[in-house]
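Chain letters run A, B, ... following the sequence lines, proteins first, then strands; residues in each count from 1. Just the heavy atoms: all of them, side chains too, but no hydrogens, waters or symmetry mates, feed the values below. Remember, predicted model here, so these are calculated numbers, not experimental data.
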Number of protein chains: 2
Amino acid sequence: MASIKDVAAEAGVSVATVSRVLNDHPSVSADARTRVLAAVEALGYRPNAVARSLRTDQTHTLGLVISDVMNPYFTELARSVEEEARALGYSVIIGNADERPDLQDHHVRNLLDRRIDGLLVSPTDGGSPLMLDAARSGTPMVFVDRWIPGVEVPVVRADGRAAVRDLVAHLHGLGHRRLAIIAGPAATTTGRERVEAFREALGAYGLDLPEAYIGQGDFQAESGRRVTEGFLDLPEPPEVVFAADNLMALGALDAVRARGLHVPEDLALAAFDDIPWFVHTDPPITAVAQPTGELGRAAVRALVDRIEGRPARSVTLAARLVVRRSCGENPAENRSRL
Amino acid sequence: MASIKDVAAEAGVSVATVSRVLNDHPSVSADARTRVLAAVEALGYRPNAVARSLRTDQTHTLGLVISDVMNPYFTELARSVEEEARALGYSVIIGNADERPDLQDHHVRNLLDRRIDGLLVSPTDGGSPLMLDAARSGTPMVFVDRWIPGVEVPVVRADGRAAVRDLVAHLHGLGHRRLAIIAGPAATTTGRERVEAFREALGAYGLDLPEAYIGQGDFQAESGRRVTEGFLDLPEPPEVVFAADNLMALGALDAVRARGLHVPEDLALAAFDDIPWFVHTDPPITAVAQPTGELGRAAVRALVDRIEGRPARSVTLAARLVVRRSCGENPAENRSRL
DNA sequence: CCTCCTCGTGGAATCGATTACATCGACTTC
DNA sequence: GAAGTCGATGTAATCGATTCCACGAGGAGG
């Protein structure tokens, strides 16, 4: 592969001049510029990004470590992150932690070794020593979706509180009184917050959330299935199950169906995170929708602000309720909604 | 951030010795080794992967350019690619082409500039000059899922021919005679092949595939919807629609439902590519399942073989039919299948 | 005892870029 | 006409690693 020296030789100038042309530095004669450009063209020269990064100490690369690529929510997040990053002149390297702290650490270390300019993380757990180090050591960092309390890092996330209140109002309006939740891991902020928001919203209607109605999931479909089976085995099963993410909702749907029961007649179902597939399930699933694309874009903007020396602010966007048919039909409510 | 010089100073040895310890070169005294290791620990030193890559001309990184990350098939492929690569000591940088040739080129160029060790591509189109160049220029390369005919690059893919025959047998057994297909872009191999396999299988039953029953899609949901509407508007609409990928099947489902019609009573539906969500749609969708994970792993193994100087072979794995309820029920067939 | 290996080690070149500094000619300005 | 300025260019240092080569010490073999 041709290097800058080959180009310099071909154009009959020094490597410094070639570099100047390539980085369009002002003081290069028109003549030299055209000769260099011609040589570049002739040799099919492309600058070596590795060498450039070593010298400039910038990789123009962002690292994104997410908890689970197979989860459509994170897929969409990753996509919007890459789009915005590209628009700002950065590439993105994605690391999939698969909800495993050890894998998360592996990716963080790998990205740090590659000297990425900044790190976007949706932490799987409460914060490994490595992550805390990274945050302190000065690598620009932004948390997205989930975060680690007590760490001085901007957070970009959605607040589901209001939407969960709307959801509970919807459920209450449909006559449901025994509401259960499939929670996410307590080690994650989203895992804890969603339970809290749910409990708080129930409180507003004089309902409480008994221990038996809090199932411990791990954001994967299988746990949704397991927890739902537990609920159905209760002497007094809940009337509604609220899954704290989309995959666990899927598992819940499975569990209900496996018993020959139906949603919403036998058990109503709602989920946190809206995804395109929820329109097509049987029945379509009512969900709390996060502004996923906007989250990804805002996170990248915040991170690039930090990288380029501007102050980065935390951002919180509102989630909203999308009513479909999985909790039952109410003639008074808007039912044209898909 | 500490460099190898700092470690050398701290340990009282030369940088050469530090490097030897780090790459466990045999001729280093036990004493020097422990002193270096202690210094590494004390300084929290991590080798700079950028510098290392510049010197060794290896990045231990694979590039993966896929057509559409939001498509669950490719998400799963990407996941298995990353897993296998990690097991073999490589990282993966994913580029999402979004079915756009210009974006595909952008990513290929970017990855080449970063001097990745090898490239895994599922080409969006028939082959841009850039891609052909890359293939010729010696960068190890492997095509996965889709490929470009006439280019000397190993291909790892699934052969759906037998499964499509099984599908047509299934449909024929259910009494369907008017079968239509929503094809993928003619620029892609999978787009063309699936139509061919379908036509061939129909031929075996004395059925043919009229032009009117071949709808041109682009592997995105919206095109599935549009084509299906076209089919439904035909004077003699088909009894079955076979979508050449999962997203177009989703669009087809939408279109049917939007007219107040039902699958499979009014129109049967089958898809190429099986995904977890097909179990949960209404009705569950019959699909040709590719061994996606195995494809990803085989592709990585082939690519790493090429990178490390071993010969790489093309691999073709068989797809299989998964019967669900979207084509109608047949008492004679296995219906316990989800 | 001398020679020849082997082992452990350090010095320095190298990878491919960027960039500070020096140089040189031409032009302005008094 | 001398001094200073400015634009275009080249030389060489530099980034952080790896690795070739040289060198000295110590042991084996004759």
Side-chain angles (χ1 to χ4, degrees), chain A residues 1-37 39-40 43-61 89 109-117 137 139, chain B residues 1-37 39-40 43-61 89 109-117 137 139:
Chain A
M1 201 153 245
S3 83
I4 195 170
K5 273 189 206 149
D6 303 315
V7 176
E10 172 87 11
V13 298
S14 73
V15 293
T17 300
V18 175
S19 178
R20 290 195 188 95
V21 171
L22 265 28
N23 297 282
D24 39 38
H25 183 93
S27 84
V28 177
S29 67
D31 176 54
R33 164 165 284 113
T34 55
R35 292 224 310 288
V36 168
L37 261 18
V40 164
L43 299 175
Y45 169 74
R46 296 247 82 211
N48 183 326
V50 175
R52 191 201 293 261
S53 293
L54 177 61
R55 183 59 232 252
T56 61
D57 203 30
Q58 306 183 48
T59 50
H60 275 279
T61 303
R109 203 186 313 277
N110 184 267
L111 292 165
L112 257 25
D113 285 353
R114 286 167 183 273
R115 302 300 193 267
I116 44 140
D117 293 340
S137 80
T139 309
Chain B
M1 201 152 246
S3 85
I4 195 171
K5 273 190 205 149
D6 304 315
V7 175
E10 172 86 9
V13 297
S14 73
V15 294
T17 300
V18 175
S19 178
R20 289 195 188 96
V21 171
L22 265 28
N23 297 284
D24 39 39
H25 184 92
S27 88
V28 178
S29 67
D31 177 56
R33 165 166 282 113
T34 55
R35 294 223 310 287
V36 167
L37 260 18
V40 164
L43 299 175
Y45 169 75
R46 298 246 80 212
N48 183 326
V50 174
R52 191 200 293 260
S53 292
L54 175 60
R55 184 58 232 255
T56 61
D57 203 30
Q58 304 183 47
T59 49
H60 275 278
T61 303
R109 201 185 316 274
N110 184 268
L111 292 165
L112 257 26
D113 285 354
R114 286 166 184 274
R115 302 301 193 264
I116 44 141
D117 294 340
S137 80
T139 309

Undergrad: What nucleotide, of D:dT18, C:dA17, D:dT9, holds the atom closest to the side chain of A:Ala51?
TA: C:dA17
Undergrad: Side chain of B:Ala16 only, heavy atoms from C-beta on: which candidate in C:dG10, C:dA13, C:dT18 is closest?
TA: C:dG10
Undergrad: Any base atoms under 4.0 Å from A:Asp57, or only sugar-phosphate, or nothing? Heavy atoms, all strands.
TA: nothing
Undergrad: Rounded to whole Å, how long is the line connecting atom CD1 of A:Ile4 with atom P of C:dT14?
TA: 18 Å
Undergrad: Where is the tightest heavy-atom contact between A:Val28 and A:Arg20, given as atom of each residue plus distance?
TA: CG2-CB, 3.6 Å
Undergrad: Nearest of C:dA17, C:dC7, D:dA17 to any side-chain atom of B:Ser27?
TA: C:dC7
Undergrad: Once you round it to whole Å, what is the distance between C1' of C:dG8 and CZ of B:Arg35?
TA: 12 Å
Undergrad: Applying a 4.0 Å non-hydrogen cut-off, can you work out what B:Thr56 is touching in the nucleic acid: base, sugar-phosphate, or nothing?
TA: sugar-phosphate
Undergrad: Output the rounded distance in Å from CZ (B:Arg46) to P (D:dG16).
TA: 16 Å
Undergrad: In this structure, how many angstroms lie between the P atom of D:dA17 and the CG atom of B:Leu43, rounded?
TA: 12 Å
Undergrad: Whole angstrom is fine here: how far is it from CE in A:Met1 over to P in C:dG16?
TA: 11 Å
Undergrad: Using whole Å, report how far CG of A:Asp6 lies from C1' of C:dC15.
TA: 13 Å
Undergrad: Using only side-chain N and O atoms of B:Asn23, determine if any of them is under 4.0 Å from OP1 or OP2 of D:dT18.
TA: yes
Undergrad: Base, sugar-phosphate, or nothing for A:Ala32, non-hydrogen atoms under 4.0 angstrom?
TA: sugar-phosphate
Undergrad: Select one nucleotide: of D:dT18, D:dA12, C:dG16, the one nearest the side-chain heavy atoms of B:Arg55.
TA: D:dT18
Undergrad: Quick check for you: among D:dT9, D:dT18, C:dG10, whose closest atom lies nearest to any side-chain atom of B:Ser14?
TA: C:dG10
Undergrad: Look at the side chain of B:Leu54 and decide which nucleotide, out of D:dG10, C:dT18, D:dG16, has an atom nearest to it.
TA: D:dG16
Undergrad: Measure the spacing between CD1 of A:Ile4 and CZ of A:Arg46 and express it to the nearest 0.5 Å.
TA: 13.0 Å
Undergrad: Say you draw a straight line from CZ of B:Arg115 to OG1 of B:Thr61; how long is it, rounded to the nearest 0.5 Å?
TA: 13.0 Å
Undergrad: Between D:dG10 and A:Thr17, is there an OP1 or OP2 to side-chain N/O distance shorter than 4.0 Å?
TA: yes
Undergrad: Without decimals, in angstroms, what is the distance between A:Arg52 CZ and D:dT14 P?
TA: 22 Å
Undergrad: Spell out yes or no: do the side chain of B:Arg33 and the base of C:dG8 have one donor N/O and one acceptor N/O closer than 3.5 Å?
TA: no
Undergrad: Look up atom CG in B:Leu111 and atom CG in B:Asp117, then write down how far apart they are to the nearest 0.5 Å.
TA: 11.5 Å
Undergrad: Looking for any heavy atom pair under 4.0 Å, which part of the strands does B:Ser29 touch: base, sugar-phosphate only, or nothing?
TA: sugar-phosphate
Undergrad: Does a side chain donor of either B:Arg52 or B:Asn48 reach within less than 3.5 Å of an acceptor in the other side chain?
TA: no
Undergrad: Within the 4.0 Å heavy-atom criterion, would you say A:Val13 contacts the bases, only the backbone, or no part of the nucleic acid?
TA: sugar-phosphate
Undergrad: In whole angstroms, how far is the C1' atom of D:dT9 from the NE2 atom of A:His25?
TA: 11 Å
Undergrad: For A:Ser3, report the nucleic acid contact type (base, sugar-phosphate, nothing); a contact means any heavy atom under 4.0 Å.
TA: sugar-phosphate
Undergrad: Could you go through the salt bridge (charged side-chain N to carboxylate O under 4.0 Å, His left out) check for A:Arg35 and A:Asp31 one step at a time?
TA: CA-CA 6 Å; A:Arg35 292 224 310 288; A:Asp31 176 54; 2.7 Å; yes
